[in-house]
Every structure is written in C-alpha cells, then in structure tokens.
Trainee: 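Okay, handing you the structure first.
Hydrogens, waters and symmetry mates play no part in the numbers below; they use all other heavy atoms, side chains included. Residue numbering restarts at 1 for every chain, and letters A, B, ... go by the order of the sequence lines. A quick note: this is a predicted structure, and the numbers were derived from the prediction, not measured.
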2 protein chains.
Amino acid sequence: MSVTAITMIGVMSRWEPNARGRLAQAALALYGERGYEKVTVAEIAARAGLTERTFFRHYADKREVLFDGSTRLQQTLTEAVAAAPAGRPPIELVGAAIAALGALFEADERREFARQRQAIVDKNPDLQERELVKLSRLGDALTDALHDHDVPVPAASLAAQVGIAVFRVTFVRWLDDPASRPFPELVRAAFEELAAMTHP
Amino acid sequence: MSVTAITMIGVMSRWEPNARGRLAQAALALYGERGYEKVTVAEIAARAGLTERTFFRHYADKREVLFDGSTRLQQTLTEAVAAAPAGRPPIELVGAAIAALGALFEADERREFARQRQAIVDKNPDLQERELVKLSRLGDALTDALHDHDVPVPAASLAAQVGIAVFRVTFVRWLDDPASRPFPELVRAAFEELAAMTHP
DNA sequence: ACCAGCTATGTCAGTCACTGTCATCAGGCT
DNA sequence: AGCCTGATGACAGTGACTGACATAGCTGGT
C-alpha cells in the first residue's frame, strides 16, 4: 500500500508527480503566512522542491497560481448552458449555470481552500486586479454560451453580467455561511431576492 | 513672444515646468510607435528630459501614465450625481452623470488623444487589465454617489453597473463616430436604445 | 543679504519578476 | 543498445520598481 491510488490510476509521470499541484500548495501556504508581496517565486519553488524556472513553466506569472481553477469554472458554466433545454428565459439559464458551479465546491477541503485563497486576494490590489479580469472573462464566456443557445446578444450580455454579479455575491456568502448550506441553494435564494427586487 | 502663455499665467515652477505632462506625452508617443511592451521606462523619461526615477515619482507604474484621467472622470461623475435634483429615478441620475462626462471630451485634441490611447490599450492585455480596474472603481464611485443621493443600495449598484456599461459602449462609438457627434448626444441615444430594449 | 527649509530632481545600488538558451536525465519505443 | 521526448536544472540577462542620499533652485523670515 505504499503506492498511492493516484499513482495506480493516473498516467505515471517521471520524478515526483504533480509538480503543478505542489507549486500551488506551496504558494498558497507562503502567501497566507507572509502575504503575497513578501514571498518570492524562488521560495515557492524551493518549498515545492523545484526551481524558479520550473514555476514559470507551469504558471504564466506569480499571480496566476491562485487563479488556476478559473478555466474549469468557465468550462462548467458553458457546459451547463449548453445542456439546458432550449427556449427557457435567459435569466433561468444563467441561474442554472451558476448553480451548476456548486459541483466544483462540494468537498469541505474546497471550501477551506477557497477561504484561504480569498483572504489572500482580498489583501492585495494586484491580485484583485487579476480577479476582476477572470470574472470579466467568465462573463464573456457566459455571454457567448447564451448566444450559442439562441439568446439574442443584448439580452445575453445583460443576463451574463447579472449572473456574474450574483455569482460574486453568492460566493462570498457561501464562504461565510455559518450554516454551511450548499452553494446551489444559496444561488437559488439570491435569484429569488433578485426577482423580488425587480418585481415589487 | 518667446514666452509661452502658460509660463505667463501659471505658477512658475523651477526647471522646466510640467514634467508630469511631458512624461505622459512621451509615453503616449513611444507606446504608439513601438508598442507598450517594447518601450522601457528609461526611454520615456529620456524623451521627457528626465530620469527613470523621476518617472516613478509621478506615476505609480509603467501603466498608470495612460490612466491619469480616471480621477477626473470619477470626480465629474460624482459631482454630477450630487448636483442632480433629488427624487429622480436612478437611471435618470446615471444618464445625466454619464452625459456630464462630455465636458471632458469637448476639445478635438482630447478625442485624438483618446483615440491614440485606446489603440494602445487595445493591443496589450496588461493595459486592458488596468482598464478593467479603473472602470470597476468608477462603478463603485458611481454606486456610492447614488447611495449618497438617497438611492437604496441594490438599485444603486445595478444602475451604476448599467451606467458603466453604457459608458463603455458610448465611448467607443464616440471615438469611431464619422459624424463627430458630441458625446452627450450619443449617451442620450444609447439610453434611449436601452429603454426601447427593456420596454418592448 | 543671509540662512534655513522645502520640493523636485539626479545618482546609485539593490531586489525580484520574468525570459532565452542550453544541458541533463528518466522513461518509452524500436 | 540507441534514440526520442518531455520535464527539469543551471545560468545569464533584461527591465520594472524601491530605498537612500545628495543637490539645486526657490521661498520665507530675519
């Protein structure tokens, strides 16, 4: 049993596997301990048992290591829109897509990871800058997905923008929720609030 | 007549005056000629007759030199909201505030400057990143201004987001407009489109 | 007129993010 | 065994940005 499940299942890599994951873990730990600015890339690489050069082969820059998940977020979002039945109102498509992100947030470790990550990002303007970009790209992807699903462009971009706004709010609530309610439930509640707000 | 009007009117500064403006002008020219990435800060400073260190005393970083106007934008926006009569619907306040930005875009040189600047920003992801941040902060400021003007928070943030979206669209149209219509006129037209879109 | 302080600038050394290039090493394939 | 490939290491270099200190010209008071 000295061989891990991953080693048995996955494609065997040479050297120590999962260099990318080790780098991300090391970065999160160090950023959390000393703050983003006071950590050098060389230190992250050293903690992961690698060199600085290798860090930059896995991540485009020092910030990107905290935003790795955004591609999976985008992918889940567009798949959910594509899988939805045709002819539904745009806001409903968006609601379903955002709720579908809950699948990525199920495990408790995920929430703990997200919490640490968010605490770091909230303390640094450069990281907030990058987060804005990621959310903007997420909105663009959502707009495209809606458009591919026969939603006319103006309605699509508006619905997508609203959807991203709801996501931001809901994500923070989910991180802070003392009752640990599941993410899709909070999404549903947020969209109901929104409906009540616009239909007095 | 060898003494310029500025020299006669303004407060005489030591050395050559307006170092900040010269840096901005040099940066715009060089970024335009060779692209943002292929220009060094030292080169910008040299063209302005200054040193690299002085550049960083005037601008926080290499990008910021292109985003100097955003503080005046923000100021104009909040003043316009504060000056509006109370009790009007939020979207109307926002429309008036965005239209008020036209005062900053009157002179033809302004349009030419904005055009050059936008061409540069559109070619570089780092600059686009910064632009997103500036627009986001503009939205925050607009939200605050609306809130101070007795608009409840949810309506304020929604109206502000919509306002920023309209601003982005209108600004591009204004830059490209072959008829050179004034900015506030285009803003009005955009808000009418929006109204028609939401009231079929 | 002199001195003191203030402010914008210059100078210099240093850190660190990021890149290009070449060497190396382990495993798979023939 | 020999070759190829993909991930890594080693190393040098560029350029953004910072901290510390020096200097020059103005400004105010005496």
Trainee: Measure the distance from CZ on A:Arg63 to P on D:dA16 and round it to the nearest whole Å.
Mentor: 15 Å
Trainee: Go through it in stages, so that I can follow the logic: the residues are A:Glu193 and A:Arg173, the test is salt bridge (charged side-chain N to carboxylate O under 4.0 Å, His left out), and I'd like the CA-CA distance, side-chain angles, deciding distance and then a yes or no.
Mentor: CA-CA 14 Å; A:Glu193 279 176 53; A:Arg173 288 184 185 173; 2.8 Å; yes
Trainee: Check the distance between C:dT15's C1' and B:Phe56's CZ and give it to me in whole angstrom.
Mentor: 14 Å
Trainee: Is A:Lys123 close enough and on-axis enough to A:Tyr36, meaning under 6.0 Å and within 45°, for cation-pi?
Mentor: no
Trainee: Assess B:Arg20 against B:Tyr59: is NZ or CZ under 6.0 Å from the centre of the six-membered ring, and within 45 degrees of the ring's axis?
Mentor: yes
Trainee: Give the rounded distance in Å between these two atoms: CG of B:Asp61 and P of D:dG15.
Mentor: 17 Å
Trainee: Examine A:Arg117 relative to A:Tyr31 and say whether NZ or CZ is less than 6.0 Å from the centre of the six-membered ring and inside a 45° cone about the ring axis.
Mentor: no
Trainee: For B:Gln118 and B:Glu131, test the side chains for any donor-to-acceptor distance below 3.5 angstrom and give the result as yes or no.
Mentor: yes
Trainee: side-chain hydrogen bond (donor to acceptor under 3.5 Å, both in side chains): which pairs involve residues 156-171 of chain A, sequence neighbours left out?
Mentor: none
Trainee: What I want to check is whether the side chains of A:Asn124 and A:Glu37 have a donor and an acceptor closer together than 3.5 Å.
Mentor: yes
Trainee: Atom CD of B:Glu64 and atom P of D:dA16: how far apart are they, to the nearest Å?
Mentor: 16 Å
Trainee: Please write out the pairs of protein N or O atoms and N or O atoms of nucleotides 9-12 of chain C separated by less than 3.5 Å, giving the distance to one decimal.
Mentor:
{"unit_1": "C:dT9", "atom_1": "OP2", "unit_2": "B:His58", "atom_2": "NE2", "d": "2.6"}
{"unit_1": "C:dG10", "atom_1": "OP2", "unit_2": "B:Thr51", "atom_2": "N", "d": "3.0"}
{"unit_1": "C:dG10", "atom_1": "OP2", "unit_2": "B:Thr51", "atom_2": "OG1", "d": "2.9"}
{"unit_1": "C:dG10", "atom_1": "OP2", "unit_2": "B:Thr54", "atom_2": "OG1", "d": "2.5"}
{"unit_1": "C:dG10", "atom_1": "N7", "unit_2": "B:Arg57", "atom_2": "NH1", "d": "3.3"}
{"unit_1": "C:dG10", "atom_1": "O6", "unit_2": "B:Arg57", "atom_2": "NH2", "d": "2.5"}

Trainee: Counting only heavy atoms and a strict 4.0 angstrom limit, can you tell me which residues of residues 36-44 of chain A come near DNA chain C?
Mentor: A:Val39, A:Thr40, A:Val41
Trainee: Is the closest side-chain donor-acceptor distance between B:Ser70 and B:Arg137 under 3.5 Å?
Mentor: no
